[in-house]
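Since the structure is predicted, the reported quantities are computational estimates derived from the model, not experimental observations. Just so it is clear: chains get the letters A, B, ... in the order the sequence lines come, proteins before strands, and each one is counted from 1.
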Amino acid sequence: MKAEEQLSLLRTQFPEEAEERRPREEQKGLPPLPEAEKGVVTRFAPNPDFVLHLGNARPALLSYVYAKEIYNGKMILRFEDTDPRIKTPLPEAYWAIKEDLKWLGIKWDEEYIQSMRMEIYYEQARELIKRGGAYIDLCNREEISKNRASRRACKHRLQSVEENLELFDRMISGFYGEGEAALRVKTDLNHPDPSVVDWIGMRIIDTSKHPHPLSGDRYVVWPTYNFAAGVDDHLLGVTHIIRGREHAQNTTKQMYLYTHMGWNYPYVVNVGRLKLEGFILSKSKIRTILAKYPGRFEGHADPRFGTLAGLRSRGILAETIRETILGLGVKPSDASISWDNLASLNRKKLDLGTRRLMMVIDPVKLYIEGFPEELLVVRIPYHPDNKSLGERELRIGVDKTGPYVYISRKDLEMVMNSTKQARLVELANVEITSTIRSDPPIAMAKYISRDLETARKRGMPIIQWVSHNPVKALLRDPVGLRYNIYRGFIESSAIALEDQVYQLLRIGFVKIVEKSEKKILLLKIHE
RNA sequence: GCCGCGGUAGUAUAGCCCGGACAAGUAUGCGGGCCUUUCGAGCCCGUGACCCGGGUUCAAAUCCCGGCCGCGGCACCA
C-alpha cells in the first residue's frame, strides 16, 4: 500500500489520529546543543605556534556563536603553549591569533595562557597522585613502549603515593633530564590503543636548551596537551567542547583523568577538517614553502595562502567566511569549500558598495573618426544601481590624428571577428574600419551614434575603454601559488579615489596593493 | 595492521537520533529566458543526489548486518 493510500485510509477510519500529525519544527541555523539549559561555556584553544587558517575558524566560530549568540553563555580563549621544544610558541602569534579572531567578529569573555598556569597543573598533578590516579615513571621511552605493546605494567606503577609525591618534587626541582621521568595517568592497561595506556601527563623539557618565549627556563616539567586541556576545561567550567575531529582519541584519554578526579566531562562536539579548493591551509606546508622560497611570498598573510590573514589580504570578507562556515553545520565529516561558492557569496556582499572602474588589458589605441565634440567629456556614475557612490568625469584624449580611446586587444579581435561594431560603455557606438599592425598597435573606427538602443538592436558587444591620462596598471590574478600577470591601463579615478576595492568592468573584483601617481598594482579577488 | 568516525546532485549542506506529506529542501555550478550601458548583480524556468549488497518493516535516505571507499588517531605534539 502506498503511503498516500494508507493516509487516506487512516483519515477515513481514524480521523483524530490523522490530525495529530504535525510537521516537524523547522530548525533554522545550527542544531541545539545538548544540556544547554544549565548554561553554556565554550572555549577555543589554539596553539600559538602559527597563525590561524580557515579550518581553525570552524571550531572558533562555532564556539563563539553557540556560547554568545545562541545561549548567552561564555566563551574562553585559551592559548595552549605547553610544548616549548617541538611546537615552540611564536611570540607574535598570541597577538596575531587574537587579531584573526577579532576580524571574524569573535569576542571572548576570558583569556588564559597555559604557560602562565603551571603551578595550577602541578597542584592538580599532586592531587591526582594522592588519589592514586598517576605515578612517576622512571622508565625510558623504549621500556614504556615495550610495556605498552605487551600491556604490562612496570614497577613504578606500584609505587606508593608518598614515593610518587617525592619523585614528582624531584622532577620539578630539575633533578631529572629530558626523558628520564614522566608523570603517567593510570588507565586500563588493556585499552586497544597503546597510546591511551597510562598516557603521559607531564614530561621534562630542558628549557635551558628550549626556552619558552613567555616563561624562559623557569619550568622544566610541562603538562602534555591532554593533561593541561583536561584540567583547564574542568577548572574553567567549560560545558561544551567544540574541537577538531583529530582530538577524538584525546577525549578517551582525558576521561580517565576526569574519573580519577571525580569530575564530569564536558559535552564534546567533534567537527571535521576543512579544505579550501585551490588553497594550502596546512601550517607545516606554508612554513615549508616560506622557508624554501624566501622573498617570493608576503609571509603567512600572502593572499595565496588559506590562512585567515591570507584570505583577508585576498579581499575575502569576514562575513563571507562566517556564513560559509556556519553553513557547514557541525558534522564530524570533513568538508571541502569550493572557491566558486565562497567567491559567489563574497561577490554579492561586495557588489553594491563597490565602485566600478574600467581597465583595459593589453591596450590598443582606437582612433574614432567623426567623434562628436560634445562627447569629449562625459560623466559616468560609479555604480548604475547605487547612485550614492557618485560619478566621475572622463575625458577623451585627442592627439594630432584625432580623438582616441584604448580598448583591450582581445576585445578588438572579438569585434573584428563579428560585425565589427561595438558599444563603448556609456560613451558611443563605433564601427571598426581598420587595424594597423604597429607597436603599440593602432586601430581606426568610425563613430555611429551615442544611443544605447542602436547598440541593443544590433546586438553590439558592450566593451570598456580608457582614454585621456591613462594610468599603468598591473593586475595580479592568483592561480594556486602563482600569479598570472596582466598589464594595461586603468582610468585615473583609481588614483584619485581612496577606495581599496573596486569592480573592474568585465574583469572582476580587485584590491589595490600599491599605487603611485603613475602606476597601480592590483590583486584580483575573484570575478 | 589496530582503533575510531564518516559516505545525500559537480561542490557544500538540510533531512538520519524519533522510519510514513521525501518521486528528497537550500546554496553554488551548469543550461535556457527576462532584466540590466560588465562576461557582474537581480528575477524566472530547467538540470542534477540518498556508496553497494542483504535484512527488519505495511513502509527505509532514516533502523540492523556485511562490503567498498574516504578521513582521523595509534608521540614524553597540540
Side-chain angles (χ1 to χ4, degrees), chain A residues 1-7 10 21 23-24 26-28 31 34 45-49 80-83 85-87 114 137 139-141 144-145 148 178-184 191-197 199-205 221-226 228-229 243-253 270 272-274 277 323-324 327-329 331-345 347-348 350-352 354 356 358 380-381 383-386 423-427 429 451-453 455-456 460-464 503-509 526-527:
Chain A
M1 206 190 305
K2 286 269 199 276
E4 51 206 83
E5 296 171 37
Q6 295 176 33
L7 195 59
L10 183 70
R21 229 169 234 295
R24 208 167 282 154
E26 204 165 306
Q27 235 136 50
K28 294 233 153 59
N47 181 330
D49 67 339
E80 307 209 316
D81 55 350
T82 59
D83 181 9
R85 181 178 44 193
I86 300 170
K87 295 206 165 166
Q114 287 190 324
D137 196 346
C139 294
N140 60 36
R141 270 169 207 267
I144 290 177
S145 73
R148 270 179 173 161
E178 284 186 5
E180 290 175 4
L183 176 131
R184 298 182 67 186
H191 194 280
D193 181 345
S195 83
V196 169
V197 173
W199 53 272
I200 310 285
M202 288 197 173
R203 78 298 208 195
I204 292 164
I205 294 174
V221 175
W222 288 85
T224 57
Y225 165 78
N226 280 302
R243 63 179 163 203
R245 213 154 61 87
E246 66 272 20
H247 287 295
Q249 191 64 278
N250 292 322
T251 304
T252 315
K253 293 186 187 179
N270 291 131
R273 304 187 135 198
L274 250 40
E277 188 186 278
E323 268 180 39
T324 301
L328 298 177
K331 307 206 336 174
S333 47
D334 295 348
S336 139
I337 296 168
S338 87
W339 174 248
D340 281 347
N341 225 312
L342 195 78
S344 162
L345 200 58
R347 182 161 48 227
K348 281 171 198 166
L350 286 176
D351 184 48
L352 200 60
T354 304
R356 298 176 184 189
M358 295 194 281
I380 303 177
H383 195 297
D385 308 320
N386 183 1
R423 174 166 181 83
L424 301 169
V425 172
E426 296 268 10
L427 184 69
N429 307 319
D451 64 305
L452 179 61
E453 290 65 39
R456 288 237 187 278
M460 293 182 196
I462 297 171
I463 62 174
Q464 79 277 23
Q503 184 186 160
L504 297 182
L505 240 54
R506 295 174 68 233
I507 293 174
F509 289 82
H526 44 60
E527 290 191 349

Exercise for the section: Test for a donor-acceptor pair under 3.5 Å between the base of B:U11 and the side chain of A:E277, counting only N and O atoms. Expected result: no

Exercise for the section: Using only side-chain N and O atoms of A:R506, determine if any of them is under 4.0 Å from OP1 or OP2 of B:G40. Expected result: no

Practice task
Kindly say if A:K87 contacts the phosphate of B:A75, meaning a side-chain N or O under 4.0 Å from OP1 or OP2.
Solution key: no

Completion exercise
Contacts of A:H526 meeting ring pair (Phe, Tyr, Trp, His ring centres under 6.0 Å) (sequence neighbours excluded), chain-then-number -> A:F509

Exercise for the section: Quick one: stems involving RNA chain B, counted as three or more successive Watson-Crick or G-U pairs, both distances short of 3.5 Å. Expected result: B:1-7 with B:68-74, B:10-13 with B:25-28, B:29-34 with B:42-47, B:51-55 with B:63-67

Exercise for the section: Check whether any side-chain nitrogen or oxygen of A:R456 sits under 4.0 Å from OP1 or OP2 of B:U37, and answer yes or no. Expected result: yes

Practice task
For A:G327, report the nucleic acid contact type (base, sugar-phosphate, nothing); a contact means any heavy atom under 4.0 Å.
Solution key: sugar-phosphate

Exercise for the section: Flag the pair A:D193 and A:R148 as a salt bridge only when some basic side-chain nitrogen lies within less than 4.0 angstrom of an acidic carboxylate oxygen. Expected result: no

Problem - Touch class at under 4.0 angstrom, heavy-atom based, for A:I337 against every strand present - result: nothing

Exercise for the section: Compare side-chain N and O positions of A:K331 against OP1 and OP2 of B:C5 and report whether any pair is under 4.0 Å apart. Expected result: no

Problem - ring pair (Phe, Tyr, Trp, His ring centres under 6.0 Å) partners for A:W222, two or more places apart - result: A:H212

Exercise for the section: With heavy atoms under 4.0 Å as the rule, sort A:R356 into base, sugar-phosphate or nothing. Expected result: base

Exercise for the section: Check the side chains of A:R423 and A:N429 for a donor-acceptor pair under 3.5 angstrom, ignoring hydrogens and angles. Expected result: yes

Handout entry: N/O (side chain, A:R85) to phosphate O (OP1/OP2, B:A78) under 4.0 Å
Key = no

Handout entry: Phosphate OP1/OP2 of B:C5 contacted by A:R273 side-chain N/O (<4.0 Å)
Key = no

Practice task
May I ask you to say what A:P384 touches in the nucleic acid, namely base, sugar-phosphate or nothing, with a heavy-atom cut-off under 4.0 Å?
Solution key: nothing

Practice task
Please check the phosphate of B:G10 (OP1 and OP2 only) for any side-chain N or O of A:S338 closer than 4.0 Å.
Solution key: no

